[in-house]
Structures are given as structure tokens and as C-alpha cells.
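Let me begin by presenting the structure, written as C-alpha cells, before commenting on it.
Note that ligands are numbered from 1 as they come in the structure, with each ligand's atoms numbered from 1 the same way. Just so you know, these numbers come straight off a predicted model, no measurement behind them.
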Amino acid sequence: MAKRTGSGKSGKHVYFFGNGKADGNRNMKDVLGGKGSGLAEMTNAGLPVPPGFTISTGVCTIYYKNKGKLTPAVEQEMLANLKKLEAVSKAKLGASDNPLLVSVRSGAKFSMPGMMDTILNLGLNDKSVEGLKARTANGRFAYDSYRRFIQMYGSVVLEIPKSEFEHEFEGVKASRKVKLDTDLDESALQDVVARYKKIVKSKTRKDFPQEPLEQLRGARDAVFRSWQNPRAKEYRRIYEIPDHIGTAVNVQAMVFGNTGDRSATGVGFTRNPATGAKEFFGEFLVNAQGEDVVAGIRTPNPIAELESVLPKAYKQLRQITTRLEKHYRDVQDFEFTIQDEQLYMLQTRNGKRTGYAAVMIATDLVAEKLVSPKDAVLMVEPESLSQLLAPIFDPKEWKGLPVATKGLPASPGAASGQVVFTADHAVEWSRQNKAVMLVRKETVPDDIHGMFVAQGILTATGGMTSHAAVVGRQMGKPSVVGAGSLEIDERNKTVKVGGHTVKEGDWLSFDGLSGEVKVGRVATKPSEILQVVNGEMKAQQSDIYRRFTQLLSWADKYRRLGIRANADQPDQSAIAYNFGARGIGLCRTEHMFFGEGRIPIVQRMILANNEKDRRAALAELLPLQRGDFYGVFKEMHGEPVTIRTIDPPLHEFLPKREDLMVKIARMETTGDTSSKDYAETSRLLHRVEQLHEFNPMLGHRGVRLGITYPEITEMQARAILEAACQLVKEGIKVVPEIMIPLVGDVRELRDQKAIVVRVADEVMKEQGVKVKYLVGTMIEVPRGAVTADEVAKEAEFFSFGTNDLTQLTYGFSRDDIGKFLGAYQDKKILERDPFASLDTVGVGQLVAMGTTKGRATRADLKVGVCGEHGGDPSSIFFFEKVGLNYVSCSPYRVPVARLAAAQAALQTKALD
Ligand code: ADP
Ligand code: MG
Ligand code: MG
């Protein structure tokens with residue numbers, strides 16, 4: 001934090017924009033924030049932008065370092081820029097005739113929709129409101145602006161609850177018998193202002209501040225403070241935005257969308273951010289200001305209607321936004337205001353979009369020659385691809401239910417869940433593994449934690465650019481908004497919809513692509529892409545599948561890392577291959593033990609008192625395992641398959657001790673103690689008790705099993721080699737890689753490798769064919785990484801098992817970290833769950849060291865990773881830098897990994 005000031009080398013803190021020229025530009029997001037840099041860029045491009053200045057993010061750092069005080073230098077620079085702004089706009093802040101009014105707007109480097117605060121119409125006071133009235137000859141407008149200002153300033157700066165103001169506002173509307181804010185006349189609005197001032201006086205024991213500079217400083221500091229409000233912090237946590245970067249503050253001359261019917265305000269996108277369709281998209285409200293459009297105060301109109309309402313401004317808006325899209329070479333999300341038919345641009349940024357839209361847009365932009373395939377690879381968030389694999393409804397079941405209501409299709413995807421009415425309940429219930437549907441009148445930024453865990457978000461008011469819609473799309477959460485016929489009763493926890501009364505806990509379902517809402521639970525089925533991958537649909541029939549594979553094949557051109565999958569079964573392997581995995585990085589043989597009819601054989605093996613009985617059970621398992629391996633090899637079409645020998649502690653294959661004890665007790669009470677079942681159960685319990693360990697994760701597992709029961713390794717090696725020989729005879733290429741888990745000492749590996757090599761020689765002799773195979777190890781015990789040069793004397797390949805490596809390096813139990821991870825994150829001891837995203841500083845160093853040491857012994861050592869981290873984009877970035885050969889992840893993560901690996905390669909190259 002200390003070194004990064006964000007104020008540039010010059011020590012400049014405040015950047016002016018106006019009159020066609022700006023101090024900043026589009027490359028200065030670090031210093032100016034996204035909004036400030038966009039305003040500067042648009043100004044330089046000659047677009048109609050109200051003038052103003054940006055107080056840099058570095059000043060936010062100063063604000064926090066100095067405990068809320070700014071330096072005289074900053075204050076001076078701000079005043080100098082204010083002077084300039086007054087000169088350019090030929091008006092003076094707070095003057096009683098012709099007053100300058102400004103907005104004070106937050107704006108960090110990364111956009112955080114609605115997370116921080118904005119104040120409009122600053123500079124109004126009892127005198128200047130009259131000046132504004134005189135200048136515009138519009139008293140209604142002047143007092144509408146004043147009441148808005150007092151409310152915003154009151155809630156944001158003076159921290160008076162919004163509801164206090166809303167209560168009075170509703171009171172005035174009721175007393176005048178009107179429904180809409182636009183129906184209030186000047187005298188009514190004066191009444192509102194008087195009531196608001198009373199609230200301020202009673203809550204703060206002071207009059208509403210009349211001094212414009214005091215107002216400006218108050219608003220500026222409140223924006224800085226809003227950087228640390230709980231919802232902004234929660235937002236940064238979810239989106240992994242660093243805390244130290246701070247926000248800029250933009251002070252900008254006001255333009256007014258609330259002067260009457262020739263004025264309007266609105267927001268939009270140059271393409272549909274939900275579906276990616278190339279269509280002008282957005283909403284506006286006539287005679288409105290600021291966030292009225294997104295706040296659901298009145299129902300906004302689709303932007304297409306602006307063409308007939310204010311045709312000249314509409315045409316200009318289309319031209320400007322098309323130009324902005326070309327200029328930024330990406331979809332633009334813009335905000336505008338029309339004052340007396342004059343258009344002003346207030347914001348532009350690259351638009352957030354669903355994963356579906358991201359793929360549509362990236363492929364379209366390449367087709368339109370606006371971007372190159374390489375740009376397209378870089379513009380899609382890898383994680384967002386997983387949204388395209390999310391389930392859709394089973395069409396039969398969905399059609400079977402009547403439509404209860406319809407809302408706006410804000411974010412695609414099928415959602416079915418139990419209704420909850422608050423974000424807190426959503427979190428609570430989802431912790432109990434319930435699928436929840438968050439139903440709200442309108443979401444607010446404070447709801448973000450509940451939205452994050454919900455299956456879907458359903459709101460009664462608000463448009464396609466409302467908070468719920470914007471955040472839903474960004475999270476890739478199915479969302480339907482503005483379903484106006486929902487009657488939500490939050491107090492009694494019910495919602496009336498289509499003649500039904502749905503209680504909290506009842507099931508609701510909706511389709512985020514059509515907006516249809518239905519009462520009841522509906523089963524889901526695989527997405528279109530998955531259907532193609534499963535062979536249930538032809539690739540030619542699916543446009544999105546073709547684009548998806550197109551994008552990934554561009555990615556493949558740029559990536560260096562190989563992509564494999566963790567799969568145990570032939571069908572999973574086939575899916576992985578179809579998603580583009582070229583090899584299996586981890587086949588967990590014990591998962592095969594749970595296959596149908598196998599567990600009794602496995603138990604017989606475990607219960608055996610002697611080697612002879614154990615071998616008999618193993619002989620039964622042999623053909624079954626051979627069959628599995630045969631299937632997996634075949635699905636991989638000659639790509640390498642890494643098979644790990646048995647890993648978990650044996651008790652995992654036996655019934656639970658408690659269950660057995662209950663069963664025995666029951667038999668004893670019914671006097672059923674002479675049966676064969678009783679004797680067997682007692683024997684089982686005895687063995688379970690023998691196998692009991694205090695720390696099974698550190699116990700008799702992994703290579704330790706093979707050391708104590710070499711016949712298990714023998715059987716597995718035989719099954720693998722026999723399957724391979726069979727395929728070779730059929731003329732099919734196979735590349736088996738036999739992996740010994742949990743090796744911490746090279747001598748463990750040496751012991752097991754000798755068995756594998758001996759059995760392999762036997763099998764190849766018996767079968768009369770030769771198979772090229774490798775024997776290697778999983779590096780997951782820290783000692784294995786530290787002595788990797790030794791281990792590599794035996795190992796022909798390494799695969800980092802980063803799940804266990806994290807567990808053993810941190811000493812955090814994978815299964816118990818949930819109990820304290822939250823506290824660790826709250827206290828900033830950990831930023832992220834180290835089991836989801838690699839701890840590059842600690843665990844990552846073992847990966848780097850193990851790789852270097854291993855290759856020092858064996859230059860061509862193949863090194864991969866097979867923990868959960870193999871599918872995590874930020875971990876993949878690290879693995880690229882370390883120079884691993886491949887990452888291996890679950891079959892469904894393969895597309896994410898392909899794209900992330902391409903981005904990692906491109907970005908790493910750019911850094912060099
Ligand atoms: P957010 O970051 O939440 O989008 P903004 O700073 O963009 O907040 O402000 C919200 C809205 O306030 C804008 O979309 C615009 O409608 C209105 N607004 C901000 N500044 C001005 C201004 N100078 N003149 C008119 N309206 C403004
Ligand atoms: Mg806002
Ligand atoms: Mg905005």
C-alpha cells in the first residue's frame with residue numbers, strides 16, 4: 001500500500017476533464033478508476049460529457065493513512081480544479097444566481113455496480129434552489145432536485161436511514177393523493193424539502209449544511225468511506241478485488257434529466273448482455289434523474305421507444321455508442337442523460353455479461369473483424385464458461401406446469417429452489433444444503449451474499465438493468481426480474497403468484513432465458529453443450545456449441561500447458577475427451593471398488609486373515625479392474641492415462657463402526673444371536689475396530705498400503721498391464737502411467753516400483769507383447785517435494801497432488817477447514833480457500849522446488865498437477881509460470897482450464 005500511490009509520478013492528485021480535453025485517458029484506470037478514465041477518454045474523443053475533475057485513487061489511500069484527513073496539497077488542488085470547472089461552466093458552486101451543481105461519484109479501477117455511493121445536485125441550498133428556479137423558470141424541477149439532494153446527502157454523508165426519508169415522501173404522496181413522484185407539483189416538493197430538513201435537524205441536531213464547500217468535502221469523504229462499507233467489502237471478497245487499491249472520486253457538473261418531458265435518463269448496452277445478441281439494449285425514463293431507472297421507482301421503458309420519444313437524441317446516442325464499441329473494441333455499458341433534448345454521456349465501460357453472452361459476443365466480434373482470435377481468447381473470463389454447462393429444465397416436465405407469471409429474462413439458466421425472502425435466510429438455508437430461490441421485491445447491494453448462494457434470483461420490480469439483473473448476469477446466476485404480478489408479503493413470508501400462495505420453503509422454478517415462472521419443483525437436465533458432448537445432440541444443431549468449440553480451438557493455439565482430466569470411468573473419460581482433455585491425469589482406482597457388486601469382494605480382501613485368502617479376493621477383483629482400465633484406455637485414444645494405485649485408508653470400504661454396533665445391539669435384543677449374520681457382523685465390527693485410526697489421513701494409506709500388502713499393488717499392476725496388452729493386440733495405442741501415491745521417501749517408491757516392474761515383465765512375457773509404460777509418483781507429502789531430486793531417481797514422472805500437499809503443508813484438514821476458514825478470511829489471515837486456489841507463496845514454492853529438483857535429476861521429467869487446483873484459473877497461471885507440462889482437472893472443468901491455460905501463456909509471455 002505504501003508504494004502504490006495511484007497519483008502518478010508527478011504527485012498530481014486531481015485530473016480535469018472538459019471542453020474537449022482531459023488530463024487523463026483510458027489507460028489510467030489505476031489512477032482515475034474506471035469511471036474517471038472513461039469520462040476522460042470520452043472527453044478527449046469530443047463526445048458531449050459534462051465537465052468535471054477526478055480525485056485520484058491515491059487520495060483514497062491518503063485518506064485512510066491519515067485517518068480521514070487529507071493533506072493541504074490535496075485540498076488546494078481540488079479547489080483549483082473547482083475554479084477551473086466554474087470557469088468552464090460559467091457558473092459558481094452554490095451561488096444564489098446561476099448556481100453550479102455537481103455530482104460526486106465513486107469509481108474504482110474495477111466496477112462495483114451499486115456498491116458505493118453517488119450524490120447528485122450538490123451545491124443546492126435554500127438560496128441556490130431559488131437561483132436554479134429563476135434560471136430555468138422551472139420551480140418544480142428546482143425543488144425536485146433539492147429534495148433528491150437532501151435525501152442522498154442525508155443518507156450517504158449524514159448516515160440517516162433511507163427509510164426515514166422514504167416514509168415522509170410516501171406521506172406527501174398520500175396527502176396529495178398521487179402515485180408517482182412525477183405527479184408531485186412544486187408546492188408538494190417544497191413540502192418534501194421542509195420535511196426532509198426536519199429529519200436532518202432531529203437526527204443530527206444540526207441544520208442541513210448550506211455551505212457548498214462543506215457539502216463537497218462531506219460528499220467526497222463519504223465516497224472514500226464507502227470503499228470500506230460492508231457490502232463493498234463483501235463484493236470485493238467475492239470478486240477477489242484487492243482492498244488496497246481504493247476508489248477515485250469524480251466531481252462533475254450536473255446535467256438534468258428531470259426538467260420535464262423533453263428530458264430523460266437511461267442506461268444501456270451496445271449488445272444484449274444476457275444473450276449476446278447484436279441489438280441495442282437498455283432502458284430509460286422520461287423526466288427522471290440518476291438511479292431512478294435501476295432503482296425500480298417507476299417501471300422504465302425499453303430503449304427502443306426512445307426513438308419515437310426523443311428521436312434526435314436517440315439517433316445521436318446510437319452513433320456515439322456504436323463509435324464507443326469500435327473504439328474500445330468491446331461491448332459498452334453506458335449511462336446517459338438528456339436535458340431538454342440535448343444528449344450527455346455520463347459513463348462508459350466494458351459491459352459485464354453472462355458466460356453465454358461472452359462466447360456469443362467474442363465469436364461475433366471476430367467475425368466482424370473488430371477483434372482478433374487472440375483478443376477473443378483474452379476477453380472471455382475462463383470461469384464464465386462453466387455457466388454454459390449449467391443445467392436446463394427437462395422440457396417435458398417444464399411444459400407440464402402452468403406458467404404462474406412472467407418476468408424479464410435477466411440472466412439465463414434454469415433455477416428451481418425453495419423460496420426464501422431474505423439474503424440472510426438464503427445463506428442460512430444453503431448452509432443446510434438446501435437449494436434456495438431468493439425472492440425479493442427488488443434486490444439491493446446488501447443482498448449480495450444471499451444472491452451468491454441462491455439457485456436463482458426472482459424480483460417483483462425493476463428492469464433489465466436493475467441491481468438484481470446486473471449482479472445476476474455477472475454472477476452467471478439465473479435471474480428473472482420485474483415479475484410485476486408477484487405479491488410479496490415479507491412479514492408473513494408468503495408470495496402470491498398466479499393464484500397460488502407460496503410460503504417460505506415451498507418450491508418455485510423459473511427459466512432465466514424466457515422469464516417464465518412456475519410453482520413447484522422441476523428437474524433439470526444437461527445444457528445444450530453437454531448434450532452434444534454426451535452424444536445426445538448433433539454439433540451442427542447447436543450454434544452455441546460450435547462457437548464454444550471455436551473459441552476453445554483458438555485458445556489451444558496459444559496455450560503451452562497440456563490439459564488432462566481426473567476421471568475413473570470410461571463414460572467420464574469420454575466426456576473429458578470430448579471437452580478436449582488429452583490424457584487422464586488421475587484415475588483413482590479405489591473409486592472402481594465402489595462399483596456395483598464389488599464392495600463385498602473388497603471387504604473380503606480387507607477381512608482376510610492371511611495372504612492366501614487376501615489373494616483369493618484380489619483374484620476376483622482382477623478381471624473387474626482390468627475391464628475398467630481397458631475402457632478408460634480406449635476412450636483416451638492413445639493419450640496417456642495416469643493410474644494411481646490404491647490410496648484411501650481401508651476402513652473407508654467397511655461399514656461405519658456405529659452402524660455395526662447398532663445392528664448388533666438390535667440382534668441381541670431380539671435374541672437373534674445364533675444366526676450367521678450375527679457372527680459375520682461381529683467379525684466385521686472386530687475388524688473395523690482393528691482398522692480404527694486416530695488420524696486416518698495421516699495413517700495407513702497411500703504407498704503405505706502397498707508396502708504392507710504388496711499383493712494389492714501386484715494385482716493392480718497386473719490389471720493395468722493386461723488391459724494394455726490386450727489393446728496393443730487389438731492395434732490400439734496405449735500409454736499407461738502407473739502412479740504411486742503419498743511417497744515421502746524415495747525408498748518407498750523403490751519398493752513399489754520393483755513390484756510393478758516385475759509384474760509388468762511377467763505379463764508382457766505371458767501375453768507376448770511389449771507395452772511402453774512409466775512408473776512415477778504423486779508429490780503430495782512435503783518431504784517428497786523437498787527430496788524431489790532423490791525421488792526422481794526412481795520416478796519417471798511427477799504429479800503434484802495439491803489437495804494433500806496443501807493439507808500437509810498448512811496442516812489444515814481438508815475436511816475440517818470449514819470450521820475456521822470464515823474467521824481466517826474475515827481477519828484477512830487468508831484471502832481465499834487454499835484448497836480451491838493454490839497458496840502460491842507456500843504450497844506453490846514446494847511445487848516449484850519439486851519441479852526444479854526433479855528435473856535436475858531427470859531433465860525430461862514429465863510434471864503435472866492433479867489436485868482441484870488444476871481447474872482453477874489463478875492456480876493455472878502459477879503452474880504456467882513454474883513450467884509444468886500439464887494440469888489435470890475434473891472433466892467439466894476442462895474447457896475452463898483450456899481457456900485459462902491460453903490466457904496464462906499469453907499473459908506470461910507479455911510479462912517476459
Ligand atoms: P454508479 O457507479 O453506481 O453507477 P454513478 O456515479 O454512475 O453511480 O451515478 C449514478 C447515476 O447518477 C448516473 O448513471 C447518472 O444517471 C447520474 N449522474 C451522475 N453524475 C451525473 C451528472 N453529472 N449529471 C447528471 N446525472 C448524473
Ligand atoms: Mg450508484
Ligand atoms: Mg454509473
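- The distance from ligand 1 to the heavy atoms of T265 drops below 4.0 Å at these ligand atoms: 16 (O).
- Using the six-membered ring where Trp is involved, Y63 and F224 have ring planes that are tilted, between 30° and 60° apart.
- Closest to atom 10 (C) of ligand 1 by heavy atom, among Q339, E291, Q347, is E291.
- Neither the backbone nor the side chain of V102 has a heavy atom within less than 4.0 Å of ligand 1.
- Pairs of residues two or more places apart, or lying in two chains, never qualify as salt bridge (charged side-chain N to carboxylate O under 4.0 Å, His left out) while including a residue from residues 304-314.
- The shortest N or O to N or O distance between K35 and ligand 1 is below 3.5 Å.
- Under the rule for a side chain to side chain donor-acceptor pair (under 3.5 Å), D221 has no partner lying at least two apart in sequence or in another chain.
- Ranked by closest heavy atom to atom 4 (O) of ligand 1, the top entry among H467, R349, Q289, E335 is E335.
- No more than 12 heavy atoms of other residues, nucleotides or ligands sit less than 6.0 Å from atom CZ of F452.
- With a 4.0 Å heavy-atom cut-off, ligand 1 is reached by the backbone of V255 and by its side chain too.
- Taking 2.8 Å as the threshold, Q347 counts as a candidate ligand of the Mg ion (ligand 3), since one of its N, O or S atoms lies below it.
- The local environment of NE2 in H327 is crowded, with over 12 non-hydrogen atoms from other residues, nucleotides or ligands closer than 6.0 Å.
- The local environment of CZ in R135 is crowded, with over 12 non-hydrogen atoms from other residues, nucleotides or ligands closer than 6.0 Å.
- When only interatomic distances are considered, the shortest N/O to N/O separation between A253 and ligand 1 falls below 3.5 Å.
- Heavy atoms of M116 come nearer than 4.0 angstrom to ligand 1 in no pair at all.
- A side-chain donor from one of Q332 and T348 sits under 3.5 Å from a side-chain acceptor of the other.
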